[in-house]
Amino acid sequence: MTVLALSSESTRSLAGLLALLVGICALMVAASWRFVRLVRVRRGITAGLRHPDPDVRCAAIVQAAEMGLATNAPALLRAVRVEKDPAVLGAVVRTVAGRQWEPASTAGIVELRLWARAYAERHPEVRRPSSAEPMLAGVPGTVPPPSLDPLRAEEFRTRQDQVPEGAGDDDIARDLHAPPPDDDRMGRVRVLVTGAGGPAGIAVIRSLRARGHHVIALDADPTAAGLRLADEGHVVPRADASDYLAALLRIATVSEAQALLCTVAEEYRSLVPALDYLDETGLHTLMPSLQSVEACVDKWLFAQAMTAAGLPGPATGLGTADDVPGPWIVKPRFGRGSRDVAVATTRTQLAAALRRVPDPIVQTQLSGEEFTCDALVDRTGAVVATAPRWRNETRGGISVKGTTFEDPIVSDVVALSLKAVELIGPANVQGFVAEDGTVSVHEINPRFSGGLPLTIAAGADVVEEYLRDIMGLTVRPARLVARPGVTMTRYFCEVFEG
C-alpha cells in the first residue's frame, strides 16, 4: 500500500510538471507567433508605404497609425520626405490629426506633428471641416476621445482648468524678503521653469517659491543648482536637440504643470513653433514671436532695428569697423553675456579681435554710467514695468552689485526700444547714460535677468505679475513699481547633497 501511495503521488507530481511545461511552451509559441505577426505587419506597412499605387500607400498610412505613432512615426517621416502625391500627403496629415490624443512620448511623434501642421498650413485643402472628423490642433473640428483602456489611464489624466487655492506660509522660501501682503493673491500654480542652472533661472525659481508656487525646474546640466532649489528637478536635452521638446512635454504631463516660464532666450526657437502642443499638454504660455526673439538674439539685427526706429545706440558694423569710430567693442553676433567680448583702442588690437571673435560685430564703445533695466510687456504689448538699476560691479557679465534708480528718460527709451523689436513678456535691457544725459540702449535680452533679485527686493514683483498674465489674470501695475535707492551686494551660496 505504501509503494502504491508513493507511486500515485509521483504520478501526480509528474503530471503537474508536464502541465507546467506545456503551459510554458504554449506561452512561448503564442509570444513567438505574436512577434512573427508583428514583424510581418510592419514589413507589410513598409512595403505598402513604398507601393506604386497611392491607394495602397494611403491604406498603409492608416494601418501604421493604428499600431501607434510612437512605433511608426519614423517610418511615416521617411515616407513623407519622398512622397509626391498630394492625396497621400493629405492622408498622413489627417491620420496624424486623428491621433492627437496619443501622448507626445517620442521625438518622432513631435517632429511628425510639426510636419503635419506645417503642411496643412501650406495646403489648406487637406483640412476637411466636418463635425465628425478630427482636425489638427487649432483648427475647428473634433478630436476623438482618449483611450478608455485602464492600463493607459495615467496617460490621459484630465486637468483642472481652475488654479488651485493659495498655499500656506510653510511653503514660502525663507531666504528671500517676504512678499508684501496681497489681497488679490493668484493661488498656487505648478510652474515649469527652464534654464534652472543660470542666474536668471535660479532667481525665477526662488521668487516663485517665495510666493508659494510649486516649481518644476528643467536644465540640461544634471549638476545645475536650480534643480536642487525647486520642488522638482528634471534633466532634459539641450534645446537644440531633436528630443528636447518631447522630453519637456513628457515632464509637463507627468508633473501636471500649469504654466511655462522660459529663462533661456535660445529655447524660444524650439518652444514657439510648438505652442499648440504645449497648450494640449495643459501649459499656459506667453511668449514673444520668433521674429522678436531673433531681433534681440542677433545683435546685428538689433542694431538695425534701433536705427530704423530712430533710437540712440552705438555705431555698428558687421565684421568691419568701417564708419565705426573708436574705441571699439568687438563681440559675437550671437554671443551671450560677456563671452568672447573684446575691447580695442588701437587698429592693431581691433584687427586681432576681429580674427579671434567668431562672427563679430564692431561697435563704438559707449561712455557714461551703465545700467540694466528689468522690464515687463503684457500680452497686449503695453510696457507695464521698467525697473532700472546701475551696474555698480559686474563679473562675467552678471551684476554682483547694483542700485535701483528712477529716471523717466531711461524708462521712456527702454519702452521705445522694446516697442522697436515688438517684444512681449520679460526683458533685460542694457544701456548707458552719458554725461550729457543721453540714453543709449545697446542690448535687449528677451528673458529675465540675472540681477532679478534686486528688482524684486525693490518692490517690482515682475515674476508674479508675468505669471498672472500667463494664467489669464489681470496684471497689477501698482505691484510693478521699484523703489529707487535699493542696493544689492551678492555673495556665494552653497547647495549640498549626499
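Note that the numbering runs from 1 along the sequence shown for the chain.
In this structure a side-chain-to-backbone donor-acceptor pair under 3.5 Å is present from Thr404 to Val486. Counting only distance, with no hydrogens or angles, the side chain of Thr285 and the backbone of Met287 share no donor-acceptor pair below 3.5 Å. Looking at Tyr466, its side chain does come within 3.5 Å of a backbone N or O of Leu286 through a donor-acceptor pair. Side chain of Gln258 to backbone of Arg190: a donor-acceptor contact under 3.5 angstrom is found. Distance alone, capped at 3.5 Å, is enough to place a donor-acceptor pair between the Thr364 side chain and the Pro325 backbone. A donor-acceptor contact shorter than 3.5 Å is absent between the side chain of Thr281 and the backbone of Thr253. Of the possible polar contacts, one joining the Glu465 side chain to the Arg476 backbone as a donor-acceptor pair under 3.5 Å is found. Formation of a donor-acceptor pair under 3.5 Å by the Ser292 side chain with backbone atoms of Val421 is found in this model.
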Taking it one step at a time, do Gln363 and Glu443 satisfy side chain to side chain contact (heavy atoms under 4.5 Å, CB included)? CA-CA 12 Å; Gln363 294 182 320; Glu443 186 171 325; over 6 Å; no
Any chance you could lay out the side chain to side chain contact (heavy atoms under 4.5 Å, CB included) test for Leu208 and Leu261, step after step, and finish with the verdict? CA-CA 11 Å; Leu208 290 170; Leu261 268 68; 4.3 Å; yes
Side chain to side chain contact (heavy atoms under 4.5 Å, CB included) between Arg269 and Val297: does it pass, once the steps are laid out? CA-CA 11 Å; Arg269 292 168 176 158; Val297 173; 3.4 Å; yes
Leu248 vs Leu192, side chain to side chain contact (heavy atoms under 4.5 Å, CB included): CA-CA, chis, key distance, verdict: CA-CA 9 Å; Leu248 185 146; Leu192 207 66; 4.1 Å; yes
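Classified by interplanar angle (parallel below 30°, tilted 30° to 60°, perpendicular above 60°), the ring pair Phe405/Trp390 is parallel.
Atom CZ of Phe371 sits about 9.0 Å away from atom CD of Gln430, to the nearest 0.5 Å. Within the model, atoms CG of Asp240 and CD of Glu267 stand 10.0 Å from one another, a figure rounded to the nearest 0.5 Å. Within the model, atoms OH of Tyr277 and CG of Leu271 stand 14.0 Å from one another, a figure rounded to the nearest 0.5 Å. For the atom pair Ser255 OG and Leu218 CG, the distance stands at 8.0 Å (nearest 0.5 Å). Atom CD1 of residue Ile202 and atom CG of residue Leu227 lie 9.5 Å apart, to the nearest 0.5 angstrom. Here the CG-OG1 distance, from Asp378 to Thr474, works out to 10.0 Å after rounding to the nearest 0.5 Å.
Residues Thr386 and Leu480 are not in side-chain contact: their nearest non-hydrogen atoms beyond the backbone lie 4.5 Å or more apart. Under the 4.5 Å side-chain criterion, counting only non-hydrogen atoms from C-beta, Glu232 is in contact with His214. Annotation: side chain of Asp231 is in contact with side chain of Arg209 (closest heavy-atom distance under 4.5 Å). A heavy-atom distance below 4.5 Å is found between the side chains of Val441 and Phe302. Between Thr194 and Leu260 the shortest side-chain heavy-atom distance falls below 4.5 Å. Annotation: side chain of Lys299 is not in contact with side chain of His442 (no heavy-atom distance under 4.5 Å). A heavy-atom distance below 4.5 Å is not found between the side chains of Val264 and Arg447. Side-chain contact between Arg479 and Arg468: absent, with no pair of heavy atoms (C-beta onward) separated by less than 4.5 Å.
Of the N and O atoms on the side chains of His213 and Glu464, at least one donor lies less than 3.5 Å from an acceptor on the other residue.
Shown are Asp374, Thr455, Thr372, Asn428; of these, the side-chain hydrogen bond (donor to acceptor under 3.5 Å, both in side chains) with Ser449 is made only by Asp374. With Ile329 as the fixed residue, the side chain to side chain contact (heavy atoms under 4.5 Å, CB included) test singles out one of Thr316, Val324, Val341: Val341.
Here the closest non-hydrogen pair linking Pro237 and Ala247 is CD-CB, 3.6 Å. In this structure, Pro360 and Val330 approach most closely via the heavy-atom pair CB-CG1, 3.8 Å. Of all heavy-atom pairs between Leu376 and Pro426, the closest is CD1-N, 3.8 Å. Heavy-atom minimum distance, Gly201 versus Val193: O-CG1, 4.3 Å. Between Arg356 and Ala342, the shortest heavy-atom distance links the atoms NH2-CB, 3.3 Å. Nearest heavy atoms, Gly381 versus Ile424: CA-CG2, 4.4 Å.
Salt-bridge check for Arg211 with Asp461: passed, with a basic side-chain N closer than 4.0 Å to an acidic carboxylate O. For the pair Glu370 and Arg391, the salt-bridge criterion is met [side-chain N within less than 4.0 Å of a carboxylate O]. Salt-bridge formation is detected for the pair Arg379/Asp469: a Lys NZ or Arg NE/NH1/NH2 atom is positioned less than 4.0 Å from an Asp or Glu carboxylate oxygen. A salt bridge does not link Arg238 with Glu266: every distance from a Lys NZ or Arg NE/NH1/NH2 to an Asp or Glu carboxylate oxygen is 4.0 Å or more.
Summarising the local packing, CD of Glu393 is surrounded by more than 12 heavy atoms from other residues, nucleotides or ligands at distances under 6.0 Å. Within a 6.0 Å radius of CD1 in Ile409, no more than 12 heavy atoms belonging to other residues, nucleotides or ligands are found.
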